[in-house]
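If you're wondering where the values come from, they're calculated on a predicted model, not measured in any experiment.
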Amino acid sequence: MSENKQDNTALRLVEDDPQPTKKRFRISLMWLLISTFGGLVFVAVSLVLVISVLTNFANTFSLLGQQANGLLDSLEARLEREGRVNRDIIDSISQLYEERDFRLEDESWEPIFKSLLLSAPFTEMIRIYKANGNMIGLVRRPNGNFIRLSGKRPDGDPFFKPNDLQAAPGSLEPEAVVFRDVLFISGKKVLRRDGKPEALLVVSSGRRSLNRIVSQISRENDVAVFLSAGGNQLLAHSRNPAFFRGRPMVSLDEFPDAAMQEFKSARIIPADEFEADERTNAYESGDGSEGHIFLTRTMEPLNGKESVLGVYYPKHEVGDEIRNAMVSAIAGLIALALSVLLAIFLSRRIAKPMAKIAAAAQHFSNFEISNIEPIPPSRVKEIGQQARAINSIRTAMQEFSRYVPEKIVRRLMHSGVDATRWVEREITIMFTDIVGFTSMSEHLNAAETARALNGHFDIVCKAISNHGGTVDKFMGDGVMAFWGAPDADNKHAENAFHAAREIILALKQHNETRRSNGEKELRMRIGIHTGRVIVGNIGGGDRQNYTIVGDSVNVAQRLEQLGKEHIGDAEIVVLSSMDARISSELNEGFVSGGTHQLRGRDRPIAVCEYLPSPAIGEPDANQGNLATNS
């Protein structure tokens with residue numbers, strides 16, 4: 001090893017001076033994905049669920065109220081439409097009479113009346129009362145047949161009042177009339193010709209028509225419908241229309257329906273609890289889910305009596321709606337839980353390989369290649385690409401680490417080129433060599449030679465690495481290593497001797513194995529010296545090597561070669577300079593050997609043999625192989 005003559009004043013020690021960095025909040029990818037995906041799913045589903053459930057609960061009464069309002073609107077519109085049809089018939093007949101299109105004295109009126117009744121299915125009767133007391137008319141029977149009326153008006157006819165003929169135009173209002181135990185709702189108008197009143201026209205719809213209307217609406221909407229007058233008299237009911245046969249009206253006490261009996265004592269429901277329009281009143285009977293809900297609407301009075309339209313349904317139907325809302329809520333909660341669990345599962349599946357990639361990158365940054373596990377492939381395209389790239393880099397760096405000391409690479413990763421810049425530093429150097437390996441290899445083939453060398457180097461390199469040393473290079477069957485660089489080490493000399501002791505122990509065990517296999521044992525020489533050297537990158541162009549140069553390197557190598565003269569029959573001899581011994585501060589295991597004139601040096605050097613008695617089993621630590629020379 002040649003001596004470096006560069007001026008030491010040109011060298012400077014480069015210290016790492018990392019800038020302090022501001023700490024930032026950090027979160028793992030898995031929790032970020034879980035909080036993002038799971039949080040978004042949780043918020044979205046929760047909002048939909050809460051809104052849905054609250055809407056279902058809040059709108060249960062509201063929707064039922066709106067439905068009932070719709071039924072009442074439909075029933076009211078149907079009744080008004082029938083009343084309007086009757087008015088249209090009245091207006092048509094009045095106009096035809098005034099224009100003399102038919103006469104009361106002949107039968108010209110009959111086809112006109114029949115045609116009008118056929119066009120109005122809920123109109124049952126048309127009558128004309130003459131001023132002379134006679135009457136004509138047409139009545140439709142329930143079976144669809146028509147009965148012709150003609151002759152003298154019967155006494156006590158409820159449809160005709162003598163003073164009606166003197167009524168002003170448009171002053172006659174519809175009225176309810178009971179005739180032969182049947183309730184009729186009639187519209188009236190005075191027929192005039194040349195401005196003179198000549199007859200009274202009456203157009204009627206009977207209770208049968210009312211029951212047909214409410215029954216039809218009930219069937220279409222599956223709800224009970226009723227029409228009452230005077231507060232306690234039923235005119236029609238969808239559930240039992242036959243009960244009205246032969247009865248113009250039925251009192252609530254008589255009607256065979258438990259719900260209608262409850263209606264008499266039903267409690268009013270506040271408007272803010274049940275959405276209904278201002279014309280509609282809501283009532284409830286019973287407690288809890290027992291009883292009924294009633295909705296009523298007041299119509300135009302009949303014969304001075306208040307008429308009421310109503311619908312009702314069991315309260316348990318409201319409970320069913322609430323239970324449906326609860327079922328929806330439970331289903332929503334299950335869906336929410338499953339969605340969050342799925343988000344967590346997917347997040348973990350995505351984050352797990354990413355965590356391995358991050359861990360691998362961290363190990364890469366520290367050049368801890370042995371700690372990197374292969375990353376399994378992923379079904380996610382981008383993660384799979386990263387896994388393949390990391391695995392390729394891992395393989396490449398494992399091979400690369402065989403040629404470059406790991407400490408150097410770690411320093412380069414953390415400090416860049418400053419890690420390998422030249423510095424002058426005190427370090428401890430070790431040289432090793434196998435005694436007589438050249439002659440031994442003459443009797444081995446290439447594979448056996450390589451196996452023997454690799455086994456030996458494994459022992460030496462492992463001991464050096466275990467005690468913080470750096471293997472600089474392999475030289476044939478020898479190794480050059482040093483302590484104290486690239487990382488500063490205050491105990492570099494002590495660690496070098498610990499490594500030597502481990503080599504001694506390992507070589508002894510290795511030789512026992514070789515002897516048991518019938519192989520020749522290996523013998524070694526080791527030289528150790530402490531001194532100042534130049535350490536850093538040395539080379540030219542793109543080809544450089546991190547190494548040490550200086551006189552101290554030559555001293556360590558000469559000490560290893562000095563062992564040729566003193567190894568004798570021993571398996572190993574370790575020669576050290578007194579500088580290395582003093583620097584190690586170790587007091588045991590050394591045999592002083594005086595001074596020796598090393599080749600290539602002007603002045604002699606104090607030498608000692610490292611001979612830890614527990615390591616090699618010597619009973620006397622002073623019995624070594626080194627002769628004392630002056």
Taking the side chain as every heavy atom from C-beta outward, state whether [X] and [Y] have any pair of such atoms under 4.5 Å apart.
X	Y	value
His467	Trp483	yes
Phe474	Cys461	yes
Val607	Thr595	no
Ile548	Ile534	no
Leu507	Met524	yes
Val479	Phe457	yes

Please, which pairs that meet side-chain hydrogen bond (donor to acceptor under 3.5 Å, both in side chains) have at least one residue in residues 434-453, sequence neighbours excluded?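 The answer is none; no pair qualifies.
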Supply the atom-to-atom distance Asp433 CG to Gln561 CD, rounded to the nearest 0.5 angstrom.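 One finds 8.5 Å between CG of Asp433 and CD of Gln561.
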Nearest 0.5 angstrom please: Gln557 CD to Met480 CE, how far?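 If I round to the nearest 0.5 Å, the distance is 8.5 Å.
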Check whether [X] reaches the backbone of [Y] with its side chain - one donor and one acceptor, N or O, closer than 3.5 Å.
X	Y	result
Asn511	Leu522	yes
Asn517	Thr513	yes
Ser584	Leu586	yes
Arg525	Thr432	no

Can you list every salt bridge (Lys or Arg N to Asp or Glu O under 4.0 Å) pair that touches residues 574-603, not counting sequence neighbours? Asp551-Arg601
Are there more than 12 heavy atoms of other residues, nucleotides or ligands under 6.0 Å from atom CD of Glu521?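 Yes - once you tally the heavy atoms of other residues, nucleotides and ligands closer than 6.0 Å, there are more than 12.
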Quick check on Asn454: does its CG atom have over 12 non-hydrogen neighbours (other residues, nucleotides or ligands) under 6.0 Å away?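 Counting other residues, nucleotides and ligands, CG of Asn454 exceeds 12 neighbours.
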Locate the shortest heavy-atom distance separating [X] from [Y]; write the atom from each residue and the value.
X	Y	result
Ser577	Thr530	OG-N, 3.8 Å
Ala452	Arg514	CB-NH1, 4.4 Å
His492	Ile427	ND1-C, 3.8 Å
Ile429	Val553	CD1-N, 4.3 Å
Asp477	Phe437	OD2-CB, 2.9 Å
Leu559	Leu575	O-CD1, 3.4 Å

Glu571 with Arg515: basic N within carboxylate O range, under 4.0 Å: yes
Under 4.0 Å between a Lys/Arg side-chain N and an Asp/Glu carboxylate O for Arg532 and Glu424? yes
Are Phe431 and Phe482 an aromatic pair by the rule of ring centers under 6.0 Å? no
Output all residues satisfying salt bridge (Lys or Arg N to Asp or Glu O under 4.0 Å) with Arg388, sequence neighbours left out; order by chain, then residue number.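 In terms of salt bridge (Lys or Arg N to Asp or Glu O under 4.0 Å), with neighbours along the sequence ignored, Arg388 is linked to no residue.
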